[in-house]
Student: 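Can you keep this structure in mind? I'll have questions shortly.
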Amino acid sequence: MPVTNTPLASSLRIRVQTGTNANGQPIYRVRTYNRVKPEASDQDVYDVAQALGGLQVYPVSAISRVNEGDLSAGV
């Protein structure tokens with residue numbers, strides 16, 4: 001039976017380095033932007049993340065996209 005994924009929601013996460021601790025290890029914070037259209041292409045989401053990253057005070061260390069969906073088995 002094939003499984004079908006029905007997209008429900010998507011969000012964009014941008015991880016920024018806000019500094020370092022006493023041991024010199026980086027400290028990260030994650031900025032999450034919800035309500036991204038699930039139909040949006042990965043390239044478009046990445047381009048928006050790059051634009052938002054340019055507005056951040058701290059340097060961007062990672063960009064990720066989180067997709068949520070319902071899985072159902074075909075009948």
Side-chain angles (χ1 to χ4, degrees):
M1 238 181 256
V3 175
T4 304
N5 181 5
T6 305
L8 295 176
S10 188
S11 62
L12 168 65
R13 291 186 183 168
I14 300 175
R15 185 173 75 171
V16 295
Q17 182 179 345
T18 59
T20 56
N21 64 15
N23 296 327
Q25 300 295 322
I27 299 172
Y28 297 107
R29 296 287 183 257
V30 176
R31 315 265 193 233
T32 302
Y33 300 91
N34 296 315
R35 299 182 64 175
V36 174
K37 290 185 178 182
E39 310 83 41
S41 72
D42 290 337
Q43 183 64 53
D44 289 342
V45 173
Y46 183 79
D47 291 343
V48 168
Q50 289 285 33
L52 290 171
L55 300 173
Q56 300 295 316
V57 173
Y58 302 108
V60 174
S61 64
I63 296 170
S64 60
R65 180 179 185 172
V66 179
N67 294 317
E68 295 181 33
D70 278 340
L71 299 178
S72 59
V75 183

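These figures come from a predicted structure and were not determined experimentally.
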Student: Working to the nearest 0.5 Å, report the span between CZ of Arg35 and OG of Ser11.
Tutor: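 Answer for the CZ-OG pair, Arg35 versus Ser11, is 12.5 Å.
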Student: At what distance, to the nearest 0.5 angstrom, does CD1 of Ile14 lie from CZ of Arg65?
Tutor: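 Between atom CD1 of Ile14 and atom CZ of Arg65 there are 13.0 Å.
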Student: Val30, Leu52: one ILVMFWY side-chain cluster at the under-4.5 Å cut-off?
Tutor: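 Looking at the clustering, Leu52 is in a separate group from Val30.
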Student: Is it true that Ser64 and Arg13 share a donor-acceptor pair across their side chains at a distance under 3.5 Å?
Tutor: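 There is no such pair between these side chains.
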Student: Grab the two heavy atoms, one from Tyr58 and one from Gln17, that are nearest each other, plus how far apart they are.
Tutor: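 Heavy-atom minimum between the residues: CB-O, 3.2 Å.
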Student: What's the separation between atom CD1 in Ile27 and atom OG1 in Thr20, rounded to the nearest 0.5 Å?
Tutor: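 Taking CD1 in Ile27 and OG1 in Thr20, the distance rounds to 6.5 Å.
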Student: Val36 vs Asn67, test: side-chain contact (heavy atoms from CB on, under 4.5 Å). Steps then yes/no.
Tutor: CA-CA 9 Å; Val36 174; Asn67 294 317; over 6 Å; no
Student: What distance separates Asp42 CG from Ile63 CD1, expressed to the nearest 0.5 Å?
Tutor: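 Those atoms lie 12.0 Å apart.
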Student: If two hydrophobic side chains count as joined below 4.5 Å and joins carry through other members, does Val48 share a cluster with Tyr46?
Tutor: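 Yes: a chain of side-chain contacts under 4.5 Å links Val48 to Tyr46.
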Student: Hey, does the side chain of Asn23 reach the backbone of Gln25 with a donor-acceptor pair shorter than 3.5 angstrom?
Tutor: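 Between the backbone of Gln25 and the side chain of Asn23 there is no qualifying donor-acceptor contact (under 3.5 Å).
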